[in-house]
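What you see is a predicted model; the values in this text were computed from it and never measured.
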Amino acid sequence: MKPVLLITGAAHGLGRALALGAARDYKLALLDRERVAGEQLADALRRDGAEVLFVHADVAVEADWRHALERVQRRWERLDILINNAGLAAMGPFEGQTPATWEQLWHTNLMGAVHGCRTALTMMKRQGDGHLINVAALAGITAPPGMAAYVACNAALIRFSEALAAELDGLNIGVSVVCPHLFSSDMSRRMPNADPLSRARLQRAMDDAPESAAEVADTILQQMGKRPLYLFPQPEARRDWRRKRWRPERFVARMAKLGSSLRRYR
């Protein structure tokens with residue numbers, strides 16, 4: 001019997017790539033707040049023979065999570081893996097990132113995952129098995145300049161994942177945090193209140209990235225069966241993690257130089 005995999009932010013980018021890559025081996029529950037794009041993806045996967053449930057939901061709303069998990073419970077009576085992938089980006093000077101931007105990222109990127117894990121744990125504890133996977137950008141470790149709100153949310157998600165892994169140890173419920181470096185994606189379109197220069201700069205960086213969303217998704221799907229605490233889907237991501245751990249002050253100085261170069265081109 002195929003395991004049940006729930007993916008949030010499934011209509012675009014990495015979430016869509018994960019759904020396409022997993023359709024053959026999993027029963028899929030796909031969550032997204034963009035109804036039309038989500039239903040179109042679900043229909044396309046069904047035409048290829050996949051078993052798919054699409055739920056229109058906003059991960060920042062706890063009631064939406066309860067509704068989604070109730071539908072999964074009715075459909076399959078279990079949930080084996082949850083991938084909290086939904087997230088927003090923010091880029092630009094710290095002074096330009098308004099409290100509203102901070103709150104929007106915090107509610108979606110962090111609390112969306114918290115709501116998801118809390119709701120899914122009820123099912124996973126009852127069935128005695130499960131795997132919670134949170135996708136937190138490597139920026140939560142490397143802390144690049146010009147992304148203060150995004151960095152803070154991802155750093156919190158990484159620490160939350162570590163704490164939850166320790167708390168659930170011995171319950172046969174794994175916790176992983178995926179920390180991808182930049183990859184080719186349409187993330188720049190999901191940047192609340194971004195100025196045109198920052199949006200263009202992020203999109204250019206993603207366009208220049210060597211890996212595609214499909215390649216990153218394939219690596220995640222291949223490695224998640226081992227239930228690692230940290231999952232780095234690109235070699236450069238793991239290298240930066242090691243550099244930051246071994247020489248944190250030198251790494252921060254490197255980021256400061258990057259910040260100086262950005263200021264020259266404003």
Side-chain angles (χ1 to χ4, degrees), residues 7-10 12-15 18 31-34 57-62 64-65 82-120 132-165 175-183 185-195 198-199 201-203 205-206 213 216 220 229-233 237 240-241 244 248 251-252 255 258-259 262:
I7 303 168
T8 70
H12 302 282
L14 181 59
L18 286 165
L31 268 65
D32 205 285
R33 64 182 183 177
E34 295 190 25
D58 184 343
V59 298
V61 179
E62 191 172 10
D64 282 11
W65 271 107
L82 165 63
I83 301 182
N84 283 308
N85 165 75
L88 302 171
M91 189 171 180
F94 167 66
E95 314 92 272
Q97 295 179 358
T98 65
T101 297
W102 279 80
E103 290 175 7
Q104 191 171 1
L105 263 68
W106 198 261
H107 287 309
T108 299
N109 296 21
L110 177 64
M111 293 309 299
V114 170
H115 295 325
C117 289
R118 182 192 300 275
T119 313
L132 302 169
I133 302 174
N134 298 318
V135 179
L138 191 71
I141 295 172
T142 58
M147 304 184 77
Y150 188 62
V151 165
C153 291
N154 282 286
L157 184 53
I158 292 168
R159 295 295 177 250
F160 163 67
S161 302
E162 293 169 344
L164 189 59
V175 178
S176 299
V177 57
V178 181
C179 299
H181 212 299
L182 280 176
F183 56 89
S185 174
D186 61 351
M187 176 65 87
S188 65
R189 65 184 288 272
R190 295 186 296 282
M191 291 178 65
N193 306 316
D195 63 272
S198 297
R199 191 183 301 275
R201 181 175 287 141
L202 178 59
Q203 188 59 56
M206 290 188 297
V216 172
I220 294 170
L229 175 56
Y230 308 103
L231 200 164
F232 299 98
D240 273 354
W241 175 62
K244 180 70 177 289
F251 196 93
V252 171
M255 291 296 105
L258 177 60
L262 288 176

**Prompt:** Sub-3.5 Å donor-acceptor pair from the side chain of D32 to the main-chain atoms of A10, do we have one?
**Reply:** yes

**Item:** Distance (rounded to the nearest 0.5 Å) between L18 CG and T8 OG1
**Value:** 9.5 Å

**Asked** Minimum heavy-atom separation for S161 to V175, with atom names?
**Response** O-CG1, 3.4 Å

**Complete:** Applying side-chain hydrogen bond (donor to acceptor under 3.5 Å, both in side chains) to N85 and not counting sequence neighbours gives none

**Message:** Nearest 0.5 Å, please: how far is CZ in R118 from CG in L164?
**Reply:** 10.5 Å

**Complete:** All heavy atoms of A136 vs all of I158, minimum pair found to be CB-CG1, 3.7 Å

**Prompt:** Where do A113 and L157 come nearest, in terms of heavy atoms and distance?
**Reply:** CB-CD1, 3.6 Å

**Prompt:** Measuring from C179:SG to L231:CG, what's the distance to the nearest 0.5 Å?
**Reply:** 8.5 Å

**Item:** Backbone of V59 reached by a side-chain donor or acceptor of W65 within 3.5 Å
**Value:** yes

**Message:** When you compare the side chain of C117 with that of F160, does any pair of heavy atoms fall below 4.5 Å?
**Reply:** yes

**Request:** Write down the atom of G140, the atom of A155, and the distance for their closest heavy-atom approach.
**Result:** O-CB, 3.4 Å

**Nearest atoms (heavy-atom pairs only) where G87 meets T108** = CA-CG2, 4.1 Å

**Request:** Quick one: pull up NE2 in H115 and CG in L110 and give me the separation to the nearest 0.5 Å.
**Result:** 9.0 Å

**Pair D240, T142: side-chain N/O donor-acceptor within cut-off below 3.5 Å** = no

**Request:** Measure from the side-chain N and O atoms of Q97 to the backbone N and O of W102, and report whether any donor-acceptor pair falls under 3.5 Å.
**Result:** no

**Request:** Report the distance from atom CG of L88 to atom NE2 of H107, rounding to the nearest 0.5 Å.
**Result:** 11.5 Å

**Asked** Taking the side chain as C-beta and beyond, is there a heavy-atom pair between I220 and P180 under 4.5 Å?
**Response** no

**Prompt:** Say you draw a straight line from CE of M255 to NZ of K244; how long is it, rounded to the nearest 0.5 Å?
**Reply:** 8.5 Å

**Request:** With the side chain counted from C-beta on, respond yes when F232 and I141 share a heavy-atom pair under 4.5 Å apart, and no when they do not.
**Result:** yes

**With sequence neighbours excluded, residues passing salt bridge (charged side-chain N to carboxylate O under 4.0 Å, His left out) with E162** = R159

**Fill in**
For A213 and L14 the tightest heavy-atom approach is O-CD1, 3.8 Å

**For N154, all residues meeting side-chain hydrogen bond (donor to acceptor under 3.5 Å, both in side chains), sequence neighbours excluded** = none

